[in-house]
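Have a look at the structure below before the remarks.
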Amino acid sequence: MIIRIPKGTQDILPEDIEKWNYVEKIIKEVANRFGYREIRTPIFEYTELFARGIGESTDIVTKEMFTFLDRKERSLTLRPEGTAPVVRAYLEQRMDRLFPVTKLFYLGPMFRSEKPQAGRFRQFHQYGAEIIGTSSAQVDAEIILLCLEIFRKLGLKNLEVLLNSVGCKKCRALYLRELKSSIHQEIDNLCTDCKKRYYKNPLRILDCKNVSCQSIIKKVPALTQYLCEECQEHFQEVQKYLKVLNIEYRLDPRLVRGFDYYTKTAFEIICKELGAQNAVSGGGRYDYLVEEFGGKPTPAVGFAAGIERTILAMQQQKIEWPKDSGIEVFVAKINQEKELFAFELLQKIRMAGISAEMDYSFRSLKGQMRLADKLKARYTIILGEEELSRDRILLRNMQTKEQKEVEIEKIINELKTVFNKF
RNA sequence: GUGGGCGUAGCUCAGACUGGUUAGAGCACUGGAUUGUGGCUCCAGUGGUCGGGGGUUCAAAUCCCCUCGCUCACCCCA
């Protein structure tokens, strides 16, 4: 029995890598244009970083982390998300000393031990951006714009921005009290999950898709009606800036995200073509996280988006990306005895900066031509007995089928001219 | 963790309900179509423990049980 790939992981094969490179290129280009600098943090961190950052009672921390002990028996965890590590790096590297406001973006694999389904994997890839050090509502709007600009550059359509505010410590505590008391009589009619949530994380009840829970929640006032003056003002400002940027959004009072660290702004970008897991991007403000990790009180906001889901949505929408253009030169030989000469010539061409390939076994010329075609070679050099005896080789244009004799010593220069590489 | 669907050639799938000769097709791959030339066409060939194990039967890809895997959905999220 051959060894198989672990559940929920996937190989990105050569025929797919073009899309990945393309998407990653666009992400980096747009993020840089918006003034975000790339950061790469380790794939694993000490477990407590996530436990404290994301929240002890969240689904991710309680049941979805890949956690293991190192040789000194310290608990490590494969990162399930990117924000906590970035904030850790921000503090540890004292980035607050470099700029008053720090703008970072990242790109890389994340790990969650969930049951895979469409658009969900155990190893998946996220890109995201964080802006640390300002509470201005402008940057909340900018983060959303950055997301949308990446999608726009990629050609994605049918996106919808969902927006909510989850308040701060003060107003959330007030609201939770109100929420609990207003559904207290109906607690027996909640689903089993929500009964637990009532005590552990009542805010999540708002997000429950269960029909009976929904009918109960309907009567409950929205969190946004309980926002304190400061949060209310911030929420209005975010919307003001979104309108200035002509960004359409839908207010969703039931939008609650899965991490405990969110405050005020919470948003999600969904794509209809994605199936059940339709969030292609999500994020929000996290004004207490830096402090939680031992820094001084520092407001921040960020987002994360899924590369697999981005690519999935692009495929659903039949969006084209640059295709593999093939090699420039294929070296074919008629006579097996010319094998040494062919090999030497092949490497010379490559050293001259021109992509080249040949057949390493000994096949018929027809077979070699087929290979040249399959590799999408633009030119094929044919080493023929008769031509070589006159110190010449054949250069065939694969598209026009024109071929001409070239003196051996002039072939490299000829190729450089053809491909305009000097 | 719970539930539905599906596992037959490298890929996409027929065949299974109504067990019965050497399990098929298309694509891909390799070779060939007067011996030095690709894409199209034609011909031929390579390739399968029918996911695995057990059972029923004279006989199992086909019926029954178990198991593994994939997939979609729930929970939650990118």
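The sequence lines fix the lettering, A, B, ..., with proteins before strands; numbering per chain opens at 1.
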Check every strand shown and say whether [X] touches a base, only sugar-phosphate, or nothing at a heavy-atom separation below 4.0 Å.
| X | result |
| --- | --- |
| A/Ala372 | nothing |
| A/Gln10 | nothing |
| A/Ser364 | sugar-phosphate |
| A/Arg396 | base |
| A/Glu308 | nothing |
| A/Leu394 | base |
| A/Phe259 | sugar-phosphate |
| A/Gly119 | base |

Integer-rounded Å distance: [N] [atom2] and [X] [atom1]:
| X | N | atom1 | atom2 | answer |
| --- | --- | --- | --- | --- |
| A/Ile381 | B/rG38 | CD1 | C1' | 16 Å |
| A/Lys376 | B/rG39 | NZ | P | 16 Å |
| A/Lys115 | B/rC70 | NZ | P | 10 Å |
| A/Lys7 | B/rC68 | NZ | P | 10 Å |
| A/Lys374 | B/rU30 | NZ | C1' | 10 Å |
| A/Met110 | B/rA78 | CE | P | 10 Å |
| A/Glu386 | B/rU37 | CD | C1' | 15 Å |
| A/Asp359 | B/rU37 | CG | C1' | 14 Å |

Can you check the distance between [N] and [M], where both ends of the measurement are the [atom1] atom (answer in whole Å)?
| N | M | atom1 | answer |
| --- | --- | --- | --- |
| B/rG15 | B/rG4 | P | 24 Å |
| B/rG48 | B/rC13 | C1' | 14 Å |
| B/rA60 | B/rC64 | P | 16 Å |
| B/rU67 | B/rG7 | C1' | 13 Å |
| B/rG19 | B/rA44 | C1' | 34 Å |

Assess whether a salt bridge exists between [X] and [Y], defined as any Lys/Arg side-chain N lying under 4.0 Å from an Asp/Glu carboxylate O.
| X | Y | answer |
| --- | --- | --- |
| A/Lys323 | A/Glu18 | no |
| A/Arg309 | A/Glu273 | no |
| A/Arg396 | A/Glu402 | no |
| A/Glu149 | A/Arg33 | yes |
| A/Arg52 | A/Glu292 | yes |

Problem set entry | All ring pair (Phe, Tyr, Trp, His ring centres under 6.0 Å) counterparts of A/Phe343, not counting sequence neighbours |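 For A/Phe343 there are no ring pair (Phe, Tyr, Trp, His ring centres under 6.0 Å) partners, ignoring immediate neighbours.
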For this session: Take A/Asp140 and A/Thr265, measure what side chain to side chain donor-acceptor pair (under 3.5 Å) needs, and give me the verdict at the end.
Result: CA-CA 7 Å; A/Asp140 301 50; A/Thr265 309; 2.6 Å; yes
Exercise. For the rings on A/Tyr175 and A/Tyr226, is their centre-to-centre separation under 6.0 Å?
Worked result: yes
Exercise. Between the side-chain atoms of A/Lys401 and the base atoms of B/rG39, is any donor-acceptor pair under 3.5 Å?
Worked result: yes
Exercise. Between the base of B/rU37 and the side chain of A/Gln403, is there any donor-acceptor pair under 3.5 Å?
Worked result: yes
Exercise. Using a heavy-atom distance cut-off of less than 4.0 Å, which residues of residues 262-290 of chain A contact RNA chain B?
Worked result: A/Ala276, A/Gln277, A/Ala279, A/Val280, A/Ser281, A/Gly282
